[in-house]
Amino acid sequence: MMDADVPSAWNTEESRTYSPVDTDRELQYRTYRHESGDLRLKVAPASLDGEDHPGYALTATSYPGLDLSETIRVRTVLTFERCNSIARDFMELFSANYDGPGSLEDALDYAYERTREHR
């Protein structure tokens, strides 16, 4: 499935909106997968990771579904729109540097360094 709002090497894997029981606020959840299958990005409420944190977290999972799978948190921001925008930047940066499985770590580091929160 092609998505107009994501870079060409990426697809929206899952997208849903829901309202948690304890709030009348609508929350969104979205995952994207690189065409290689080697990287998944998730834009989801930060509270899903068990943190008492408002807003949305962007996480990146390398080799999803495999034993060597690793997930890193890239950024936590207040709104879904902002988090999704950072996810798009991350996708473009990753795609520009990804050249097959051998370069996954480098491309991931490159995108992470340019989109993470600078403290």
Side-chain angles (χ1 to χ4, degrees):
M1 138 172 119
M2 284 298 286
D3 295 294
D5 64 337
V6 297
S8 61
W10 292 83
N11 292 300
T12 302
E13 191 174 52
E14 188 177 353
S15 182
R16 58 191 162 105
T17 302
Y18 65 98
S19 297
V21 201
D22 56 351
T23 176
D24 53 4
R25 221 172 33 157
E26 226 181 38
L27 296 176
Q28 294 187 65
Y29 175 96
R30 193 166 295 166
T31 57
Y32 302 100
R33 189 184 275 259
H34 188 260
E35 64 187 1
S36 65
D38 291 342
L39 191 68
R40 176 191 293 135
L41 292 182
K42 181 173 77 174
V43 175
S47 58
L48 279 187
D49 289 337
E51 287 193 30
D52 187 21
H53 195 296
Y56 284 82
L58 171 63
T59 56
T61 302
S62 57
Y63 307 111
L66 300 179
D67 286 348
L68 57 131
S69 172
E70 267 189 90
T71 299
I72 56 168
R73 176 173 289 206
V74 180
R75 245 347 240 278
T76 303
V77 294
L78 235 35
T79 66
F80 174 81
E81 288 73 23
R82 177 80 180 114
C83 199
N84 208 40
S85 169
I86 293 165
R88 278 196 299 276
D89 291 345
F90 189 100
M91 289 183 236
E92 287 174 7
L93 289 161
F94 176 83
S95 296
N97 283 275
Y98 182 77
D99 193 25
S103 71
L104 181 97
E105 292 297 321
D106 292 341
L108 186 57
D109 288 348
Y110 179 82
Y112 173 75
E113 284 301 320
R114 281 152 186 79
T115 50
R116 71 184 174 92
E117 269 167 293
H118 296 286
R119 300 196 183 282

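A quick note: this is a predicted structure, and the numbers were derived from the prediction, not measured. One-based numbering along the sequence shown.
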Enquirer: Mind listing the closest non-hydrogen atom pair of V74 and Y112 along with its distance?
Expert: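 Smallest heavy-atom distance, with atoms named: CA-CE1, 3.8 Å.
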
Enquirer: Taking it one step at a time, do N11 and R33 satisfy side chain to side chain contact (heavy atoms under 4.5 Å, CB included)?
Expert: CA-CA 5 Å; N11 292 300; R33 189 184 275 259; 5.5 Å; no

Enquirer: To the nearest 0.5 angstrom, please state how far the OG1 atom of T76 sits from the CZ atom of R116.
Expert: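 Reported value, rounded in 0.5 Å steps: 13.5 Å.
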
Enquirer: Determine whether more than 12 heavy atoms belonging to other residues, nucleotides or ligands lie under 6.0 Å from atom CD of E70.
Expert: no

Enquirer: Determine, stepwise, if the pair K42 / Y29 fulfils side chain to side chain contact (heavy atoms under 4.5 Å, CB included).
Expert: CA-CA 8 Å; K42 181 173 77 174; Y29 175 96; 3.6 Å; yes

Enquirer: Compare every heavy atom of T115 with every heavy atom of R75, then report the nearest pair and how far apart it is.
Expert: NH1-O, 2.9 Å

Enquirer: Taking all non-hydrogen atoms of both residues, which atom of P64 and which atom of S69 are closest, and how far apart?
Expert: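 That closest heavy-atom pairing would be CA-OG, 4.0 Å.
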
Enquirer: Does E81 offer a backbone N or O that forms a donor-acceptor pair with the side chain of S85 under 3.5 Å?
Expert: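 Flag not set: sc S85 to bb E81 has no pair under 3.5 Å.
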
Enquirer: I want to check something: taking the side chain as every heavy atom from C-beta on, are P45 and Y18 in contact at a cut-off of under 4.5 Å?
Expert: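 Yes - at least one pair of side-chain heavy atoms lies under 4.5 Å apart.
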
Enquirer: According to a hydrophobic-cluster definition based on side-chain heavy atoms being under 4.5 Å apart (Ile, Leu, Val, Met, Phe, Trp, Tyr only), do L39 and Y110 belong together?
Expert: no

Enquirer: Is a side-chain N or O of S95 found less than 3.5 angstrom from the main chain of E92, in a donor-acceptor match?
Expert: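 Here the side-chain-to-backbone pair does not exist.
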
Enquirer: Between Y63 and L41, is there shared hydrophobic-cluster membership here, with clusters defined by ILVMFWY side-chain heavy atoms closer than 4.5 Å?
Expert: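 Yes: a chain of side-chain contacts under 4.5 Å links Y63 to L41.
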
Enquirer: Ring pair (Phe, Tyr, Trp, His ring centres under 6.0 Å) with Y98: which residues, sequence neighbours excluded?
Expert: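 Testing Y98 for ring pair (Phe, Tyr, Trp, His ring centres under 6.0 Å), a comparison that skips the adjacent residues, returns H34, F94.
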
Enquirer: Treating R40 as the side-chain partner and T31 as the backbone partner, does any N or O pair qualify as donor plus acceptor under 3.5 Å?
Expert: no

Enquirer: Is there a side-chain contact between D106 and N97, using heavy atoms and a 4.5 Å cut-off?
Expert: no

Enquirer: Treating W10 as the side-chain partner and Y32 as the backbone partner, does any N or O pair qualify as donor plus acceptor under 3.5 Å?
Expert: no

Enquirer: Same cluster for I86 and F80 if Ile/Leu/Val/Met/Phe/Trp/Tyr side chains link at under 4.5 Å?
Expert: yes

Enquirer: Are L78 and L58 connected in a single hydrophobic cluster, I mean Ile/Leu/Val/Met/Phe/Trp/Tyr linked by side-chain heavy atoms less than 4.5 Å apart?
Expert: no

Enquirer: Give a yes or no on whether V43 and L93 share a hydrophobic cluster (residues Ile, Leu, Val, Met, Phe, Trp, Tyr; joining criterion: side-chain heavy atoms under 4.5 Å apart).
Expert: no

Enquirer: Can R82 and Y56 be said to form a side chain to side chain contact (heavy atoms under 4.5 Å, CB included), step by step?
Expert: CA-CA 9 Å; R82 177 80 180 114; Y56 284 82; over 6 Å; no

